[in-house]
Structures are given as C-alpha cells and as structure tokens.
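Computed from a prediction, not measured in an experiment: that's the story for all the values here. Hydrogens, waters and symmetry mates play no part in the numbers below; they use all other heavy atoms, side chains included.
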Amino acid sequence: MSALDPVDSFLFSLSRAFCSPVAVFVQIQGCLICLILAFGWACAAYVRNREIKRMKDSMRRGNSFAFLCHDITELEHSNQLKLPSVSVVMPLKGFGEHNLHNWTSQITSLYGGPLEFLFIVESTDDPAYRAVSMLLSELKDEVDAKVVVAGLSTTCSQKIHNQLVGVEKMHKDSKYVLFLDDDVRLHPGSIGALTAEMEKNSDIFIQTGYPLDLPSGSLGSYCIYEYHMPCSMGFATGGRTFFLWGGCMMMHADDFRLDRYGVVTGLKNGGYSDDMTLAAIAGAHKRLITSPPVAVFPHPLASDLSFSRYWNYLRKQTFVLESYTTTVNWIMNRALFTTHCYLSWGFVTPYLMAIVHITAALRMCIKGYSIEETTFTFGGLKLVSCLAACTLIELLSMWNLTRIEVHLCNMLSPEAPKLSLASYNWGLVFIALLVDNFLYPISAFRSHFTQSINWSGIRYHLKDGKIFKIERSKDMGPVYTDLGGKHLGKKGAPPKLSFLSSLARSLAQWRQPKKYDS
C-alpha cells in the first residue's frame, strides 16, 4: 500500500469539496440546463415535424407541389395573378465558395407574383460586384434583378446602409420587402410561404426564419453550429416569436417609405445590428414578429473555417448586446448579457468538476489507495453519472432536431442535392458545446469594455448604444469573412463564365417569377 502523494491528497480534497452543498447545487444546475435545452429542442422538433406531416398528408391527397403550398388551388393562374409584389434586397460583401449557389437559389424562386431582386454592394471594387454581375448577365431575360452600388456608410453599419439604399431603389409598387443575407440558401417556395403569411395576417410586422448550419468539419464550424442551436428553438414556434434573424426578414414596404415606428430613423441614425434594432422597435410598439415552420434555411459553412474566424464571429455576436435604441432596450440587453454569461459558465463548470471527480477516482485505483486513507467520496461519481445521462439526453435532442430540420429542408427543396446527417461529428459537437459556452462570457465582457468591433475591415465605435465613429483602412481587418469564407479584397474573382452558365441552366426548369410590368 503506497503512501499518499501530496498532489493526490489535494486532488482527493478537491473532489470532496466539490461534494459540498454549493458545489452539488452547481452540478445539479448544469444537469438542469442540459434538460431544459433538450426540452426546448424537443418542442422545436415537434413544430418542424408537424410541418413535415402536413406536407406528406398533402402529397398523399395528390398535391405534388406540397413543397410550395398545402392547397394546390393556390397555384391556379387566377390566384397567381392576385399575388402581391415583392422586392428582395440583398446586401453583399465579398465572394466565397457558396455564394453562387445561394444567389441562384434566391433568384430562381417559384414565387408567381411580381418579384425584383436588388443586390447591394458597397463599391465596384467588392469581389461580389463582378461575380453577381456575371450571374445576372446570364439570367437577364429570366429575372428582374440589378446590382446597386450603395457607397460608404457614415452614420450606421455598412450592412444597414446597403439595406436602406436598397429600400430607396425598390419598385414603387412593391408591397413587401424581403431582406436576405447573401449566405442564405432559399427553398423554391420560401418567398411564397412568407408572403402568404403576411397576406393572412396584416398585423404581422416582420416575418423571419433561421439557418440550419452545415458544419464543414472544423472545430470552429461546430462551435458556430452549437452557438445557433439554442436560438433555433425560439424560431421554431410556428407563429409568434420575440426573436429576429437579420438573414431573413420580410416587412411591409410602406413601413420604410413612411418611416413607420421610426424604422428608417432607428436604423440610419447609429444602427449597428439590423435585427436587434428592428426587434427593439417591434417590442417598443408591440408589433408582431412571426416565424413560419417552413422558414428554416440550409447554411453551409466555409470548408476552411478556422477557429480564429469563429472567434471573430462570436465577438460580433456579443457586440450586438452593446447596441440599443431605448432605455428599455438597454435593460433587456443587460439582462440578456447577464443571463447568458451566467448560464454559459453554469453549463461548463460542472464538467470541470466532473474531470476532478473522475481523475481522483482513477488515481485511487491506479495507486491502490484505500478509502480510509483518502478523503475521496463516491458522491462525486454519482454526480458525474447524472451529468453524463443529462448530457446524452441533450445531445440526442439536438441530433433529433437537426435530423428533422435536414429532412424538412430536403422536402422543401426536392431537386437540390440532399442534405445528410452523416457528415456531423457528434464528438466535436460535444467539445463545441464546452468551448463555445466557455468563450461566450469572455467575448461578451471584452465587447462591453472595448465598445468597438472590426467587421469585415471596418471598425465601428459605439457611444450610448449607437455608432458614432467609423474607421476604414485597407490594412484593417481580415481577408476573408468569418462564416462563408468570402474574399473581401480586390483580388477576389468569381468562377469562370462557363461554370456560371452551366449552374444557371441546371435550374432553368424552374418556372421563373413574373417581372414588374413596365
């Protein structure tokens, strides 16, 4: 029987301390967080799966176009003529590996009403300008689309500036405006589904959706997937929600023309985040935000997405909590900041304690210590077992929601390449859970104390929740965007025209939407 090593003695004492009432509370709290997440994802999966069943029921009744609408009579010519006009505004920045596919999925929508597409770039030097111009030249006789050069922003973020320029340039008869990020991959019936909900309920202020991240295999991509997953349950309500994603927002065009509720003023005068600003306006004026169950969009992440680019993305996400429009909005952001930081480290801490319990148990077995000569207690291993069970339930619930959303996306885009769960590495998902939740509070506190952020080579400074200073430099910022890996410099070049041509023609079978009458 060996003598008790000082390091082992400390380890056993630490394991025993982690069985104190306070430590037990922390570990049970971690288990509860896992179960709450699992329950939220189960509810979201129920909503998405209910839509799948509705589509299958419609198909069994002979509707081969259930991916477009549940009632096939909606596709009759007389009904299509009544559809309202929609302007789609897409602010662009850089050019990456998935952009062509995403843009093509957007402009080949099967919406039957008048539809125009406005691609907004900062300048002609942006690699996106040449790429999208070449794509549109291939489809000039099939879609109503144009590229607009917005110029540099001076009072708000460049994205918001591009969006507002797009609104100014949209057709005068447009009833709705749909803001899309250029990394959104639409389904053929997405625009029609969003428009149908707006037509059914005139009280809707904003219609939104949410991305389904497709990790590329790196730890950074899985961290982004894990970061988005808890938020996804807030969008899978099948109706009213308090959440808003800037990647997909449909609104009434007149809200911008007339500056209702101060939407233009709020965005233009110091706005940093489009979705957070509009969500705050919706809350202040008690306006309705909804998210239909079909509004989930495949979001392929860059194949070379590094951990540093994930960190840059996380910094931008936590920075939005520093922007606000009203005192109530500031209070809500502070509450969200505090709650998220507490829950993030409250989630990670039990796993650190579990490592101590397991290490102590292994050291006791390897060294041959008896229970009497150590301060080790088996209570710690019982807590570890409880945490392991709750973690397994959480991962199974996350897997189930992802599986259902993958299936739903495949049904909504029947002719697109099939998505699969086979590429998901669930070991990396678990590691990403710990890494992302550990880093979130660090990023949030850094954002709070610096009050500035570098977004695609532009540094924004906040004061009283609004942008008051914008710095630009050719040497400032990354060469590539965080998620899509889009090249931001002048050397970015799109694929050859032959590839554009073949890609466009592969989707030519889709019936194109009507242009505006001149």
Side-chain angles (χ1 to χ4, degrees), residues 47 50-51 54-55 57-58 63 65-90 106-118 143-144 166-167 170-180 184 186-210 235-241 243-245 247-258 260-261 263 278-279 281-282 285-297 408 412 510-517:
V47 172
R50 185 176 59 189
E51 185 61 25
R54 288 182 63 192
M55 291 178 64
D57 289 342
S58 182
N63 181 8
F65 298 96
F67 65 97
L68 296 178
C69 57
H70 295 297
D71 185 0
I72 197 170
T73 60
E74 295 179 13
L75 298 179
E76 293 179 355
H77 184 65
S78 58
N79 290 326
Q80 295 285 294
L81 290 174
K82 301 175 184 176
L83 291 175
S85 54
V86 178
S87 291
V88 182
V89 175
M90 286 167 283
Q106 293 164 354
I107 62 179
T108 55
S109 167
L110 290 184
Y111 181 66
L115 186 62
E116 71 167 343
F117 297 89
L118 301 168
V143 295
D144 183 3
V167 167
M170 69 182 174
H171 198 280
K172 61 182 178 61
D173 293 329
S174 290
K175 186 175 182 180
Y176 302 114
V177 56
L178 173 61
F179 297 106
L180 292 177
V184 172
L186 284 188
H187 306 293
S190 294
I191 296 178
L194 293 169
T195 305
E197 293 297 321
M198 297 289 280
E199 289 289 282
K200 288 178 186 176
N201 187 354
S202 60
D203 290 333
I204 294 177
F205 180 51
I206 308 175
Q207 280 254 86
T208 190
Y210 206 61
F235 290 85
T237 61
R240 177 188 289 269
T241 181
F243 296 87
L244 183 60
W245 178 51
C248 174
M249 302 185 298
M250 177 173 276
M251 301 179 64
H252 295 269
D254 281 345
D255 286 347
F256 286 89
R257 294 189 183 104
L258 305 176
R260 287 181 183 147
Y261 317 111
V263 291
L278 291 172
I281 291 173
H285 295 274
K286 296 180 172 56
R287 305 305 299 165
L288 178 62
I289 301 175
T290 65
S291 179
V294 295
V296 54
F297 311 106
L408 178 58
L412 291 170
W510 292 114
R511 179 176 58 82
Q512 299 303 321
K514 299 189 292 288
K515 295 185 179 182
Y516 281 99
D517 295 330

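The OG1 atom of T195 lies 7.5 Å from the CG atom of L83; values are rounded to the nearest 0.5 Å. From T290, atom OG1 reaches atom NZ of K200 across 11.0 Å, with rounding to the nearest 0.5 Å. Atoms CE and CD, on M249 and Q207 in that order, are 12.5 Å from each other to the nearest 0.5 Å. Taken from NZ in K82 to CD in E74, the straight-line distance is 11.5 Å, to the nearest 0.5 Å. Annotation: the span from Q80 atom CD to H77 atom NE2 amounts to 9.0 Å, rounded to 0.5 Å. One finds the CZ atom of F65 at 7.0 Å from the CG atom of L75 (value rounded to the nearest 0.5 Å).
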Can M170 and R257 be said to form a side chain to side chain contact (heavy atoms under 4.5 Å, CB included), step by step? CA-CA 10 Å; M170 69 182 174; R257 294 189 183 104; 4.0 Å; yes

For S109 and L115, run side chain to side chain contact (heavy atoms under 4.5 Å, CB included): C-alpha distance rounded to whole Å, both residues' side-chain angles, the deciding distance at 0.1 Å, then the answer. CA-CA 9 Å; S109 167; L115 186 62; 4.2 Å; yes

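Side-chain contact between V296 and Y210: absent, with no pair of heavy atoms (C-beta onward) separated by less than 4.5 Å. The shortest distance between side-chain heavy atoms of R260 and M251 does not fall below 4.5 Å. Residues F117 and M90 meet the side-chain proximity criterion, which asks for heavy atoms closer than 4.5 Å. Between V167 and F179, the closest side-chain pair of non-hydrogen atoms falls below 4.5 Å. No side-chain heavy atom of V47 sits under 4.5 Å from any side-chain heavy atom of T237. Between P114 and D173, every side-chain heavy-atom pair lies at or beyond the 4.5 Å cut-off. Between I204 and M250, every side-chain heavy-atom pair lies at or beyond the 4.5 Å cut-off.
A donor-acceptor pair under 3.5 Å is absent between the side-chain atoms of H252 and the main chain of M198, judged by distance alone. Here the side chain of S291 pairs no donor or acceptor atom with the backbone of G239 at under 3.5 angstrom. No donor-acceptor pair under 3.5 Å is formed between the side chain of H285 and the backbone N or O of R287. Of the possible donor and acceptor atoms, none in the side chain of E116 sits under 3.5 Å from a partner among the backbone N and O of V86. Distance alone, capped at 3.5 Å, is enough to place a donor-acceptor pair between the N63 side chain and the C69 backbone. Between the side chain of S58 and the backbone N or O of A66 there is no donor-acceptor pair closer than 3.5 Å. With hydrogens and angles disregarded, no donor-acceptor distance shorter than 3.5 Å links the side chain of T241 to the backbone of F235.
A salt bridge is defined here as a Lys NZ or Arg NE, NH1 or NH2 lying under 4.0 Å from an Asp or Glu carboxylate O, and D57 with R54 fails to meet this definition.
The only option from I191, V184, V88, L178 that meets the side-chain contact (heavy atoms from CB on, under 4.5 Å) definition with Q106 turns out to be V184. Just one residue in the list L194, I289, L278 forms a side-chain contact (heavy atoms from CB on, under 4.5 Å) with T208, and that residue is I289.
Smallest separation of non-hydrogen atoms from G209 and F297: CA-CE1, 4.1 Å. The shortest heavy-atom contact between A253 and S174 is CB-O, 3.3 Å. For D203 against L288, the heavy-atom pair with the smallest separation is O-CB, 3.5 Å.
Between F205 and Y261, the ring center distance clears the sub-6.0 Å criterion.
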